[in-house]
Amino acid sequence: MLDIAFIRNNADAVREAIKNKRCDLDLDALLAADRARRDAIVELDKKRARKNEIAQLIPKATKEERPVLIEEGKAVKAGLEQLEPVLASANQRFEELMLRVPSMPRPEVPVGRGEEDNVEIRKVGSPRAFAFTPKDHVELMTLHRMVNWDGPRKYAGGRSYALMGTGALLELAVTRLAVDTLVERGLTIVIPPVMVKERAMTGTGFFPLGREEAYSISADELFLVGTSEVPLVSLHCDDVFDHSSLPIRYAGISNCFRREAGAYGKDTKGLYRVHQFTKVEQVVFCMPDEAIAEREHYALLSNAEAILAKLEIPYRVAIACTGEIGLGQTRKHEVESWMPGRDDGKGAYNETHSCSTLGDFQARRSNIRVRMPDGSMGYPFTLNNTAVASPRILIPLLENHQNADGSITLPEALVPYMNGVRTLTPPA
RNA sequence: GGAGGAGUGGCCGAGUGGUCUAAGGCAGCGGUUUUGAAAACCGCCGACGGUGCAAGCUGUCCAGGGGUUCGAAUCCCUUCUCCUCCGCCA
């Protein structure tokens, strides 16, 4: 969502953004809807002004004038009743289209169509050269009895799983490690609701276009969030921040629910792509200033990298191209962790973190504002990044730290969170 | 789940059918005074939209939606949220 005045004045630039982001939106239809809406407003406002005028005249009118005015008032009212639906439908059309308007990518975002056009920025650590054939996470987790694969699929459906024993402990450990890292870096930990109303989904930009991705609780008109970004950003919907209260930095911890519609048959093996997972997510509100947002963005990125460093997982950072960044994102970096078992055992870098700046996209949709130093109103910028998402993060964790005998040597930083255990040995 | 009460600008709060064009206060902004600050005093000050080069003119908004009326913050219906009590409950 952008300011309609900005869209009118920069139609070509917006058109370019729509094309580069591969959005499905006809800008001319939007501009036409805007025109229709404004025409209806002009006409309706004239009638409403007359209505108000008559209403003020009647109390002061003489006995003779009064019935005449009341008659005219009735006529004006009838006219209004005809025009109001016209404006309502023009508005509806306009708002529908506005919800599909992308934010403008930042200049540094490479133009491209798909993943192959993302630009790698750096690699940190290097994939380990195994002196033996490494196992993938499915073999390792099965060997360690970390997962019950079959039971949940019978009663909870495909892509479901249950973490068992050390598997469950590992999830709690990496989660807590991430939380402690972020708290130490000044973020406020939040455990938010995971069931939210539609406005939270729309306000954060996941609806209407991503509706099929969300589980809905139809009896109560609630939706399960796919990330705590949704409740954390919505925490401040309708709020007006004072400029002195920004930035606000949160770390949310929640279960996340994704239908993975459209991913049928993709990554069905193991725990790479599941319907329910646990994620620690970073969310920032900051002043609407690109330089500030950039600083916050790279701070979020470095927080995630610090966690990967503690987990001793090799990774690479890439900046996503225009075709790969979402509707609201103005800039996105992906952090991909090295997973030795992926790609049929050849190993591959795969996404474990996604760091985004959204400009004022979410603030506009969620009606979050900030009182600027000059007293005017502004829309704050929002940013977010994964800190850790489990079980996906367990894949590189286990695969990178495995030994020839199937045991796992835990990274030093994780040991305290595993009650002092340094090595996980497969149960007999 | 049942009964009752409440929801007004960034915040507090007055307002029960027609000068509401929403009082008043706090906060904010500008100024006077002051070595500086505070205090005091003076002035400005809701949001969003439409129109206009501009000054301005104008519309909408009193939790959301719908209704009654020539006219609604005010009356009616409904939903949501909060509070009190009762019931149930980890």
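A, B, ... follow the sequence lines: proteins, then strands. Residue 1 opens every chain.
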What integer distance in Å separates [X]:[atom1] from [N]:[atom2]?
X	N	atom1	atom2	value
A:Met372	B:C29	CE	C1'	15 Å
A:Asp242	B:A27	CG	C1'	9 Å
A:Asp239	B:G9	CG	P	13 Å
A:Lys60	B:G71	NZ	C1'	13 Å
A:His236	B:G10	NE2	C1'	15 Å
A:Arg50	B:G71	CZ	P	13 Å
A:Lys74	B:C70	NZ	P	5 Å
A:Ile58	B:U19	CD1	P	12 Å

- [ ] Scan residues 357-386 of chain A for pairs that pass ring-ring contact (aromatic ring centres under 6.0 Å, His included), counting only residues two or more places apart or in two chains.
- [x] none
Sequence-distant partners of [X], salt bridge (charged side-chain N to carboxylate O under 4.0 Å, His left out), two or more places apart:
X	result
A:Arg185	none
A:Arg342	A:Asp267
A:Arg66	none
A:Glu221	none

Counting Watson-Crick and G-U wobble pairs only, both distances under 3.5 Å, name the nucleotide matched with [N], or none.
N	value
B:A72	none
B:G1	B:C86
B:U81	B:A6
B:U51	B:G56
B:U19	none
B:C41	B:G31

Task: Annotated protein contacts, base or backbone, on nucleotides 61-68 of chain B with a non-hydrogen cut-off under 4.0 Å, one of B, S, - each - done: --------
Would you tabulate the pairs of protein nitrogen or oxygen atoms and nucleotide nitrogen or oxygen atoms of nucleotides 47-56 of chain B closer than 3.5 angstrom?
unit_1	atom_1	unit_2	atom_2	d
B:A47	O3'	A:Arg369	NH1	3.3
B:A47	O2'	A:Arg369	NH1	3.0
B:G49	N2	A:Asp45	OD2	2.7
B:G50	OP1	A:Arg8	NH2	2.9
B:G50	OP1	A:Arg37	NH2	3.2
B:U51	OP1	A:Arg38	NH1	3.2
B:U51	OP2	A:Arg38	NH1	3.4

TODO: Under the side chain to side chain donor-acceptor pair (under 3.5 Å) rule, collect the residues that match up with A:Arg35, sequence neighbours excluded.
DONE: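 Side chain to side chain donor-acceptor pair (under 3.5 Å) check on A:Arg35 returns A:Asp39.
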Task: Results of side chain to side chain donor-acceptor pair (under 3.5 Å) for A:Glu296 - residues two or more places apart only - done: A:Arg249
How far does the [atom1] atom of [N] sit from the matching atom of [M], given to the nearest Å?
N	M	atom1	value
B:C29	B:A38	P	11 Å
B:G4	B:C57	P	48 Å
B:A3	B:G10	C1'	36 Å
B:C11	B:G5	P	26 Å
B:C70	B:U81	C1'	35 Å
B:C82	B:G30	P	39 Å
B:G18	B:U69	C1'	12 Å
B:A14	B:G25	C1'	11 Å

Open item on the list: Distance to the ring centre below 6.0 angstrom and angle to the axis at most 45 degrees; does that hold for A:Arg392 and A:Tyr272?
Closed with: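 Satisfied, under 6.0 Å and within 45°.
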Task: 5' priority, RNA chain B, between A:Glu53 and A:Arg66 [closest heavy atom] - done: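 Going by which nucleotide is closer to the 5' end, it is A:Arg66.
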TODO: Take A:Thr357 and A:Asn384 through the side chain to side chain contact (heavy atoms under 4.5 Å, CB included) test and state the conclusion after the steps.
DONE: CA-CA 7 Å; A:Thr357 301; A:Asn384 64 75; over 6 Å; no
Nucleotide N/O to protein N/O under 3.5 Å, stretch nucleotides 72-82 of chain B:
unit_1	atom_1	unit_2	atom_2	d
B:C80	O2'	A:Lys197	NZ	3.4

Task: Taking every non-hydrogen atom, the tightest pair across A:Cys256 and A:Gly226 - done: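 That would be CB-O, 3.1 Å.
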TODO: Could you note down all residue pairs passing salt bridge (charged side-chain N to carboxylate O under 4.0 Å, His left out) where residues 76-95 of chain A supplies at least one of them, sequence neighbours left out?
DONE: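 Non-adjacent pairs meeting salt bridge (charged side-chain N to carboxylate O under 4.0 Å, His left out): A:Arg48-A:Glu84.
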- [ ] Determine which pairs satisfy salt bridge (charged side-chain N to carboxylate O under 4.0 Å, His left out) with at least one residue from residues 162-176 of chain A, sequence neighbours left out, and list them in order.
- [x]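 Those involving residues 162-176 of chain A are A:Arg176-A:Asp180.
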Open item on the list: For a quick check of understanding: with a heavy-atom distance under 4.0 Å over all strands, which category does A:Gln56 fall into, base, sugar-phosphate or nothing?
Closed with: sugar-phosphate
Task: B:U58 OP1/OP2 closer than 4.0 Å to side-chain N/O of A:Asn52 - done: no
Open item on the list: Tell me if the centroids of the rings in A:His333 and A:His353 come within less than 6.0 Å of each other.
Closed with: no
Open item on the list: Under 6.0 Å between ring centres: does that hold for A:Phe241 and A:His236?
Closed with: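 Yes; A:His236 has its ring centre under 6.0 Å from that of A:Phe241.
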